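Below is a structure I'd like to ask you about.
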Amino acid sequence: MTKEWTPRIVAFFCNWCTYTAADLAGVSRLKYASNVRVIRLMCSGRVDPQFVLEALAKGADGVLIGGCHPGDCHYVEGNYKMLRRFELLKRLLADMGIEERRVRLEWISAAEGEKVKTVINEMTEQIKKLGPLGMPQKFETWDKEIEHLAVEVQARDAAQGPCPTRAAQLKPMEAVHA
Amino acid sequence: MKYAYFPGCSLKGTGRAYEESLLPVMKHLGVELQELDDWNCCGATAYMAVDEGKACAAAARNLAIAEKSGLQQILAPCSACYLVLNKTQHYLHEYPAMRQTVSRALATVGLRCDGSSAVRHPLDVLINDIGLEAVKQKITRPLKGLKVAPYYGCQIVRPYATFDDQSNPTTMDRLLETLGATVIKWPLKTKCCGGSLTGTLPEAGLRLSYILLKEAIKRGADVIATVCPLCQFNLDAYHPKIAAKWEPVPIPTVYFSQLMGLAFGLPADQVVLNRGMVPMKPLAAAMA
Amino acid sequence: MEIKRTIKYEADRVPGFGRDVMSVPGCEALEHCIQCGTCSGVCPLSIYMDYTPRQVMELVRSDFKNEVLQSHTIWLCASCYACTTECPRQIRITDIMYELKQRAIKEEVYPKRFPIPVLAEEFTKMVHDYGRISETWLVTKMYLRTNPMAALGMAGLGMNLMKTGRFSLKQDKIEHREELAKIMEAVDHENGKAKA
Amino acid sequence: MPKPKVAFYWCASCGGCEETVVDLAEDILGVVEKVDIVLWPVAMDFKYKDVAAMPDKSIVATLLNGAIRTSEQEELAVLLRRKSQYLIAYGACAQLGGIPALANQFSREQILKFNYEDCPALVNEKKTRPQIHFEEAGRAPHLPEFRNVVRTLDQVVDVDFYIPGCPPTPKLTKAAFDALLGGKLPPKGSVLAPDIALCDECERKATKPTNVAFTEFKRPHQALADPTKCFLAQGMVCMGPATRSGCGAACTSGNMPCTGCFGPTSRVRDQGAKILSSLCANVEAKDEEGIRKTLAGIPDPVGTFYRYGLAKSILRRKVDLAMTGNGH
Amino acid sequence: MSAKKEELRIGFYVCHCGHNIAAMVDCAVVARYVETLPGVALSRDYKYMCSDPGQELIQQDIREHRLNRVVVASCSPLLHEHTFRGAVEAGGLNPFYFHMVNIREHDSWVHTDRGEATEKAKALARAAIQRVAHHKALEIKKVEIHPDVLVVGGGIAGIHAAMTLANAGKKVYLVEREPSIGGHMAKFDKTFPTLDCAACILTPKMSEVGSHPNITLWTYSEVTKVDGFVGNYTVQVKRKARYVNEDLCTGCQDCISHCVFKEPKFADDFNEGLGKRKPIFIPFPQATPQAVLIDPEVCLNFKRNKNPDGSPVVGDKCKKTCVEACGEKHAIDFTQKDTLQEVKVGSIIVCTGFKTYDAGRSPAYGYGNYKNVYTALEVERLVNASGPTGGEVILREGKNADGSPKTPKSIGIIHCVGSRDKKTNLWCSRVCCMYSMKLAHLLREHTGAEMYNFYIDMRTPGKGYEEFYNKLLEEGTHFIRGRVGEVTDWAMTPEEEGRLVIRVEDTLAGVVRRIPVDMVVLATGLEPQADAGEVRRLFNMSCGGDGWFLERHPKLAPVSTFTDGVFLAGCCQGPKDIPDTVAQAGAAAAEALVLIDKGYIEQEPNTAHILEDECSGCKSCIPLCPYTAILFDEGRKKAYINEALCKGCGTCVGSCPSASIVQNLFDDQEIFSEIEGVLAYD
């Protein structure tokens, strides 16, 4: 890699406050780090903890969740539901060895374009300090110890015909289903 | 109640009447003060003008000594000390670069300052920790009929103090009322006395002291009560010069602690009215 | 009648000076100044200043370094913080004044024989040497360096101080002076000013 | 016509799955009648070389239970995959990692150190650790290597079907055999259990109100559970809503909350995240302090929500664990 | 599952938006990259996608290239999603086979490195391509609009909005908290810059409101609850007891003159406390409705204790001369209680106005400390002919040489009090410069005093405003550019004795000045109402960081809110003068008319539904729905969603432990592929 490593952050922003605030940041031409990828949801209450885990597993170094301030949720209290999940999710992630600062929940109202900028820049800096999380690479490293299986299987296949590992399909199967 | 006590240089010098009156009053109220071990000058306003980093480091040495002593609260009666120690706390919290410089410097002599102690002013402690009710209990000679102009000066309420209103402080007013005195309302209670300019640039500095003294007399005050050794000095020591330049404005200026000592009926050597240059007649009259 | 040209050329500016001052802790908010004049309005000493505090703020922001560092204004500031408290943009004007004083001392451009910077220097020196201030000695030293004749005018005050038991020729010192020296040295070191 | 060949094998497991096969009771006779068991180490004497000698795909189905932790298990998985038309992950360990996969919270070094050095019940003065090469009296056998990571069967070889449970129920096992022998198998990759959460078959469902708001969480040992009332309504963590049904609500009928051994429904990628989401959203408190206090009743979210599913979870393993190389 | 999937043919368009995007994102590179992604049949970059030719391009491509999915990378979907869905539909495709990528607000406008911005655009585009593959055809839902409108607040904004709607034949409920409509404008003497009398232009409008057959006017009332959604709001209004039957009272005021209190004794709110009123009173002569009310706190017929319901206890001590005076009208009713009324409306216009900054928060100016320091609103009443002094400017403190109450010889008006200040309110209140000049003119007219205006910057951007400034300059008003440091009462010179002294830097002259005056007027700024937070929640609106209600878009939707069917007008949205307020009120009324006349609103089909076979009936989702849209079918032992009530937040979807709830447009699959897409870059 020639370029300096920059963190990848996936952000889940609620449509009414934080996404709008990010639009406002744009309209106001505020400048912030370019490594955040925003996914729009209608409400922070829609943020399924699976999304956070999936983002981390697929290569995000951090996840930012943005919702309306407490009491301001467009859907009355969706943000509280996220807050509650977030409290336990943070602990679960810590137990799984993921630094707390990689996952952040922020209340950003539609008027707080400036806060979008500050939070993103701050988070980028924090994660830069933490370094890459690199889950896809980790998965690869973990599975190095069974890499030989594929090789062995291949060698034997060459001698005796195919034996599927995870990826390959078994032909007679389909006959049975049909 | 126990506090670390940071007297500062003035309270050992020209402002000794402040310490001499404050310590007995605090003792009388059951407050224990433990003077900081080998404290050094806070740096006052002069040091900040020369080198901010060193000024903070010098002040932080005192904070570090206090933290080491295990006492969480530092009592700093002098306004300049109070401000500088507080300012240092703020800088250590707000500016990571400053915090790093200072903590590395302190580390060279095995000291550590994490900014955990609170710098308190005696007025803050009297009102919020001890309480005016407890003060009232100790009064044996209420200051009935004594008209006092409360003078806070600049640096205790500005800009870091949170125990009183920055524009219109009232803690000393309430304390003096509790002592039985009549508190004079005047708009100059936080105006500058001239600070060190009285010495370095008398034309400007003394004029500020003159205005204060004149206005206090005009509003009918018998005495000015102050909380700062420099204010007391400026309002007390330059009367001949002021009289020569403008007009005589004969009104004594005392520390609030001296008035407390009076009201508590403490012996004269613990009220030390003899330290004032302007005759204390109005006080004597009021006491009679 | 003497006439004086007051025009300022771009060459009179020291580009970057304003930004540099604003990068110092406590001085950041200067960029928000709206030149309302509240600082001058509340300053008890603005009436003696060559530039009002507001003007100093603008001169700093516009990089007129020489004008600012040579101005009387910065030495007239008594650090009463009235401006800082009242400023509608929360600019810590007092702290900016401190910063300007430091720069003026460092560049030795303050008015010569002007007692205020001398007092500051002597004060600092005394803290270094003894750890504490003896007011009597401090004032004496200042007068000796600036205006020895004025010291005579202070004789009356000295007498009065003596009468009230507030005059002392004893130089108070702290026990661990070497500790303080070491801290100061370390600060210099941290700031890249290690003794040559 | 020769009877279809069937194999059973066990990897990192407790043996409970084998019990289920036995628990088919009289039904097993029906099964045995219809099939020819060619490998079942727990009950019958076959050797590796017997299997290796079989032609590829000569076994119709292999039911493999247990997670994959050692090189030997990997090798057998590969061999059986090759020899079988259908490889079926049998039980929670093979499907999800199961209890053994909780070890994915620790590194190999931590595990070996504890078990061969620090464990208080241990006598091992020389601190000898298991070896993969070992020479004595001129013999140098190859021993299995203990891997860094616990894996599910499908993380090692291709798997056709899953029969869930810790252990799977005889009923599901029999149904699987019936489908297999009757040629009525669902699409490849299916879990051979209903694709609906446990509450569907739990008798306590009716007792759950529609306005549960958690103020505290109690663990089973901290309270005497009402034998009829929904556990969640009693403030006890029950994985039922996030767990596939098919067990006949065995645990909840026995007055124990569901711990999730059947794994998630097909639409869920991470069972733990899902139950977390649902439980937390229904906490009553709105302030961080109150929320934290309520959730303090779940002191070990990983152990609670991934009791069986850690290896199969999105993160699979504690992410900051060191990997150590081959050879102990 | 097994059904043969139609081959994916995605069309991708990246918009240059002139230079707005193209300057920071290499659009051609993005288009070429997307072309390589699976399922993409066509990829183009184009100058302005939202233009007619841009939209036409999409339609043509759908037809010619048999596209079955469309992705446009341009600005925010909040701006143009609707436009492009329309184009997709016009091309013959279901409009929801579309997804939009925001590479302007979220990319080109906020980044500075072209390479990085282009990379980001690629990642976002890829995510959309992956996501759109999972999109389903959806149908738009239509919701009927109830034709009645609620207007909250009876200031000039509310009055104008209500009148506009009523004149268009719509039924309006106008709810006002105070006993009369009129708001702040009713307190003003004259209006700038024309100097026409505020009462003369406002009073006719007020009485028109009072008598309009289409307007139900509820004063002394507050909205306490709002339920429902656009087109179908149910609003609960609390009508506070006035102890006078509005319908029976004729406004003759005989009761007031016959009150046992011979003289007015109690501070009169309408006159900012400068005047007095009796316990039974009418707020001001032109009040609408023309009905008196009784203040139970001071009326002798009430005891000082309260009933358990909070209403005051009726006593029997007073002679009730008022009842006697009212005679056969029987309008006075001491037993009146607060009542709750419920109305159904389709849309709501919020015009709750502002409050003025509390001058006591700026102690340096001495308000409350020095009696002759006034707020501007007090001076409005002081110069008003129907005000407490009959229009005579006499000071609270001091005497003239002849012993009469003191009239000021010099007056200082301080601008920007509480405004443009980080410690109070950072915003410019927009009207203070102009009203300060108006007051300078009026005070000079009334007193002949020397006038000083202290300003930071003069702001006169309105029709005829700068001309007004010029007029004041001609009148000899002293304009001193400098924010006043302090107002004090200690004298330095003989002419300062006994007067208020203003210390200020005259920044244009570059000197500090002390200016003695007899009267100080504080031009206090405008602030959000104290209860703006609660009101905002009531109507499900947002507030900016400054506390003003937030419009949907600062330029393009200035009177809409983020809640459909709730509109804003007047100062509750931010400080503004009367012309702007009236214009906004008209605009809000027009927005409401659009809804009513169309008769229905199309709703985003982003609702959730439960997969019948998969739901285990665990009930976890039911308490989560804020709209009680999720119900439990006791027969089938499963939950189901009433989609008419569902607003599409997706909270239940994110919480369903067995993933058996699906949200249209935000399906798990769609989001998972978006996550994968944004992260799959190299």
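Quick note on labels: first sequence line is chain A, next is B, and so on, each numbered from 1. The shown structure was predicted, so the numbers you read here are calculated from the model rather than taken from an experiment. No hydrogens, no waters, no symmetry mates; every other heavy atom, side chains included, goes into these values.
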Closest non-hydrogen atoms of C:F123 and B:G43, given as atom of the first, atom of the second and distance, are CE2-O, 3.2 Å
Bottom line for B:D38: the part with an atom under 4.5 Å from chain C's heavy atoms is both
Side-chain ion pair, B:K54 and C:D188, N-O less than 4.0 Å = yes
For C:E86, is it the side chain, the backbone, both, or neither that has a heavy atom closer than 4.5 Å to a heavy atom of chain B?
-> side chain
Please flag which part of B:E94 lies under 4.5 Å from any non-hydrogen atom of chain C: side chain, backbone, both or neither.
-> side chain
Among residues 76-89 of chain B, which ones touch chain C with a heavy-atom distance under 4.5 Å?
-> B:L83, B:K87
Mind listing the closest non-hydrogen atom pair of B:G194 and C:A78 along with its distance?
-> O-CB, 4.3 Å
Side chain, backbone, both or neither: which part of C:R92 has an atom under 4.5 Å from a heavy atom of chain B?
-> side chain
Chi angles and distances behind the side-chain contact (heavy atoms from CB on, under 4.5 Å) call for C:I47, B:R207 | CA-CA 12 Å; C:I47 50 177; B:R207 190 169 166 282; 3.4 Å; yes
Contact class of C:E28 relative to chain B, heavy atoms under 4.5 angstrom | side chain
Among C:P44, C:S79, C:C80, find the one that has a side-chain contact (heavy atoms from CB on, under 4.5 Å) with B:C154.
-> C:C80
Heavy-atom check, side chain of C:H189 versus side chain of B:R104, under 4.5 Å = no
Taking all atoms of both residues into account, what is the closest heavy-atom pair of C:V127 and B:C41, and its distance?
-> CG2-SG, 3.8 Å
Rounded to the nearest 0.5 Å, the CG atom of B:L273 sits from the OG1 atom of C:T164 at a distance of 12.5 Å
Distance, nearest 0.5 Å, that separates CD of C:E190 from CD of B:Q100 | 6.5 Å
Chain B contacts, top residue of C:E175, C:E135, C:K101 (heavy-atom pairs, under 4.5 Å) | C:E135
Of the backbone (N, CA, C, O) and the side chain (C-beta and beyond), which part of B:L111 lies under 4.5 Å from a heavy atom of chain C, both, or neither?
-> side chain
Cut-off 4.5 Å, heavy atoms of chain C, and the answer for B:F233 is both
Do other residues, nucleotides or ligands put more than 12 heavy atoms under 6.0 Å from B:D114 CG?
-> yes
Which answer fits B:M98, side chain, backbone, both or neither, if we ask what part of it has an atom under 4.5 Å from a heavy atom of chain C?
-> neither
Do you know which of B:A55, B:G8, B:A46, B:C42 has the most heavy-atom pairs with chain C at a distance under 4.5 angstrom?
-> B:A46
Side chain, backbone, both or neither: which part of B:S10 has a non-hydrogen atom closer than 4.5 Å to chain C?
-> both
Nearest-0.5 Å distance that lies between atom CG in C:L45 and atom CG in B:L197 | 5.5 Å
In Å, rounded to the nearest 0.5 Å, how long is the span from OH of C:Y130 to SG of B:C9?
-> 13.5 Å
Is it the case that more than 12 heavy atoms not belonging to C:K8 sit under 6.0 Å from its NZ atom?
-> yes
Chain C contact via B:D236 - which portion, at a heavy-atom distance below 4.5 Å = side chain
Interatomic spacing from CD1 in C:I183 to SG in B:C56 - rounded to 0.5 Å = 12.5 Å
Go through the atoms of C:V42 and report whether side chain, backbone, both or neither lie under 4.5 Å from a heavy atom of chain B.
-> neither
Rounding to 0.5 Å, atoms NE2 (C:H128) and OH (B:Y47) come to a distance of 2.5 Å
What option among C:V24, C:L161, C:T84 has the most heavy-atom pairs under 4.5 Å with chain B?
-> C:L161
Start with the C-alpha distance between C:E179 and B:R61, add both sets of side-chain angles, then the distance that settles side-chain contact (heavy atoms from CB on, under 4.5 Å), and finish with yes or no.
-> CA-CA 9 Å; C:E179 189 176 297; B:R61 177 174 175 268; 2.9 Å; yes
Taking everything shown except C:M159 itself, do over 12 heavy atoms lie less than 6.0 Å from its CE?
-> no
Counting heavy-atom pairs under 4.5 angstrom with chain B, the leader among C:V139, C:N160, C:I105, C:L100 is C:N160
Are the side chain of C:R132 and the backbone of B:W39 linked by a donor-acceptor contact shorter than 3.5 Å?
-> yes
Identify the heavy atoms of B:V109 and C:K182 that sit nearest to each other, and give their distance.
-> CG1-CB, 3.7 Å
Could you tell me whether C:K141 atom NZ has more than 12 heavy atoms of other residues or ligands within 6.0 Å of it?
-> yes
Top contributor to chain C contacts, counting heavy-atom pairs under 4.5 Å, from B:H90, B:H239, B:K241, B:E203 = B:E203
Under 3.5 Å donor-acceptor, B:N40 side chain and C:L180 backbone | no
State, to 0.1 Å, how close B:Y91 and C:P25 come at their nearest heavy-atom pair, and which atoms those are.
-> OH-O, 4.1 Å
Spell out, as yes or no, whether a donor-acceptor pair under 3.5 Å connects the side chain of B:Y95 to the backbone of C:G26.
-> yes
Is it the backbone or the side chain of B:R16 that comes under 4.5 Å from a heavy atom of chain C, or both, or neither?
-> side chain
Pick from B:V50, B:T108, B:V272 with the largest number of heavy-atom pairs that fall under 4.5 Å of chain C | B:V50
